[in-house]
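Take a look at the structure set out below.
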Protein chains: 2
Amino acid sequence: MKLSTRGRYGIHTMYDLALNGENGPQSIKAIAERGGMPEAYLEQLISGLKKAGLVTSTRGAQGGYMLARSADKITVGDVLRALEGGLSLVECLDGEDCCDKACACPSRIVWQKLRDGMTAIVDGITLQDMVEDYRRMNAQEDKTT
Amino acid sequence: MKLSTRGRYGIHTMYDLALNGENGPQSIKAIAERGGMPEAYLEQLISGLKKAGLVTSTRGAQGGYMLARSADKITVGDVLRALEGGLSLVECLDGEDCCDKACACPSRIVWQKLRDGMTAIVDGITLQDMVEDYRRMNAQEDKTT
DNA sequence: TGCTAACCCGAGTGAAAAACTCGGAATTAA
DNA sequence: TTAATTCCGAGTTTTTCACTCGGGTTAGCA
């Protein structure tokens, strides 16, 4: 039950865009370098973010990516859903075909509660929140040291 | 970000024991058959549940497994932790070694919130709850049909 | 105009993890 | 004593993940 790199890289990328987006479109190369992520792979992931309508791109030289809307209008949930393919921990909640095996329906209730809880959490955190949380954390540290 | 079969089979198995445990120890064969799970594989998983102290076993003919304590004292979280190896969605929350890459710390806060939320949910559901929820569901259906 | 920096896209690959099997030893009720 | 059952470690197969590669398109800029 671990998050794949898709989710992690994705969040990191979006966070990067939230920070650096003011300075014009950011190239894959720049994002990958800052985040220590493999360039060619990141390209794939960003393509997913674009399909989901979370980022926009401008092609050609000096091109790159920017957030499709302001950072306080994009939630962590948006990003994870785009890259991880849904937040439910079991298949049988995605489609409507209930399974015949071990996932028979007493467990189903459990998975539903989990999914709903997780959804509420990640949809309650925007990129903007992340930026502010982090700033606050650093401010805290500056005081104590 | 899907649950592995370990978690699913595990929950199903424990639920089975909560239901059928009154009739003496349940053999792997019986549990596997009822749940449509591969017998040899289930053996492995139950061994994990035993190590975690969630079930007890009696060997020899007529042997099998029973819950180690009453169903209202075992949570879904206990089972998932035993079989999935922790509930955190990223490595860097398990050990103390913060990563150097894409999981740099702005994201960390997000994963912590998620883990804590998930933990609260699964620790709030006991096997007893599952049994009762399911009974209630069936009762509901009987009325409407 | 042409060069180069970038996005775009689909297919391919290697390693690792997940899911499951197998064989044999130890235990115990009947 | 036999058959049912747990116990245990090692092996195998399948699937997914993480990532690469090559070639195409677009557009700024000299």
Side-chain angles (χ1 to χ4, degrees), chain A residues 1-10 12-13 17 20 23-33 35-66 68 80 83-86 89-91 99 101-103, chain B residues 1-10 12-13 17 20 23-33 35-66 68 80 83-86 89-91 99 101-103:
Chain A
M1 199 183 26
K2 287 281 176 285
L3 209 60
S4 67
T5 55
R6 302 176 66 84
R8 281 189 288 123
Y9 287 173
H12 194 61
T13 298
L17 289 180
N20 303 110
N23 315 328
Q26 300 295 312
S27 70
I28 286 180
K29 193 175 176 190
I31 301 172
E33 238 160 46
M37 302 178 273
E39 212 174 309
Y41 186 41
L42 187 57
E43 195 182 312
Q44 275 194 2
L45 303 191
I46 292 196
S47 143
L49 293 172
K50 199 191 167 193
K51 263 181 206 145
L54 297 174
V55 301
T56 59
S57 62
T58 60
R59 304 182 65 168
Q62 318 309 321
Y65 297 88
M66 302 188 68
L80 293 184
L83 293 179
E84 295 275 343
L89 289 181
V90 294
E91 303 290 347
C99 39
K101 286 190 169 186
C103 161
Chain B
M1 199 184 25
K2 287 281 176 284
L3 210 59
S4 67
T5 56
R6 300 177 66 83
R8 282 189 287 123
Y9 287 173
H12 194 63
T13 298
L17 289 180
N20 302 110
N23 315 328
Q26 300 294 313
S27 72
I28 286 181
K29 193 176 178 188
I31 301 172
E33 238 160 46
M37 303 177 272
E39 212 175 308
Y41 187 42
L42 186 58
E43 192 182 315
Q44 275 194 4
L45 304 191
I46 293 197
S47 143
L49 293 173
K50 200 192 165 191
K51 264 181 203 143
L54 296 175
V55 301
T56 58
S57 62
T58 60
R59 304 182 65 171
Q62 318 309 321
Y65 296 88
M66 301 188 69
L80 293 184
L83 294 179
E84 295 275 341
L89 289 182
V90 295
E91 303 290 347
C99 38
K101 285 194 173 182
C103 161

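Keep in mind it's a predicted model, so treat the numbers as computed, not measured. First the proteins, then the strands, lettered A, B, ... as listed; each starts at 1.
- Considering every non-hydrogen atom in both A/Tyr65 and A/Ile46, the closest pair reads CE2-CG2, 3.3 Å.
- Position along DNA chain C of the nearest nucleotide to B/Thr5 versus A/Glu43 favours A/Glu43 as the more 5'-ward residue.
- Taken over five-pair windows at either terminus, the axes of the helix from C/dT1-D/dA30 to C/dA30-D/dT1 are inclined to one another by 10° (rounded to 10 degrees).
- Distance, A/Met1 CE to D/dC17 C1': 18 Å, rounded to whole Å.
- The nearest whole Å value for the distance from the CD atom in A/Gln26 to the P atom in C/dA6 is 11 Å.
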Could you go through residues 50-58 of chain A and list every donor-acceptor pair under 3.5 Å that involves a side-chain atom there, pairing it with any protein atom two or more places apart or in another chain?
unit_1  : atom_1 : unit_2  : atom_2 : d
A/Lys50 : NZ     : A/Ser57 : OG     : 3.1
A/Thr58 : OG1    : A/Gly64 : N      : 3.4

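- Atom P of nucleotide D/dT5 and atom CE of B/Met66 are separated by 15 Å, given to the nearest angstrom.
- In this entry the distance linking CD of B/Glu39 with C1' of D/dC7 reads 14 Å, nearest Å.
- Look at CD1 on A/Ile28: it is 8 Å from P on C/dC8, rounded to the nearest Å.
- Contacts of B/Glu39 classified as side-chain contact (heavy atoms from CB on, under 4.5 Å), with partners at least two apart in sequence or in another chain: B/Ile28, B/Lys29, B/Ala32.
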Distances under 3.5 Å only, N/O to N/O: pair up the protein atoms with those of nucleotides 28-30 of chain C.
unit_1 : atom_1 : unit_2  : atom_2 : d
C/dT28 : O2     : B/Ala61 : N      : 3.4

Practice task
Could you give me the CA-CA distance, side-chain angles and deciding distance for A/Arg8 and B/Leu89, then say whether side-chain contact (heavy atoms from CB on, under 4.5 Å) is met?
Solution key: CA-CA 10 Å; A/Arg8 281 189 288 123; B/Leu89 289 182; over 6 Å; no

Which atoms of nucleotides 11-15 of chain C (N or O only) lie under 3.5 Å from a protein N or O atom, and what are those distances?
unit_1 : atom_1 : unit_2  : atom_2 : d
C/dA11 : N6     : A/Gln44 : NE2    : 3.2

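- Heavy atoms of A/Lys51 sit nowhere under 4.0 angstrom from any nucleic acid atom.
- Under the side-chain contact (heavy atoms from CB on, under 4.5 Å) criterion, B/Leu45 pairs with B/Arg6, B/Tyr9, B/Tyr41, sequence neighbours left out.
- The CG atom of B/Leu3 sits 18 Å away from the P atom of C/dA17 (whole-angstrom rounding).
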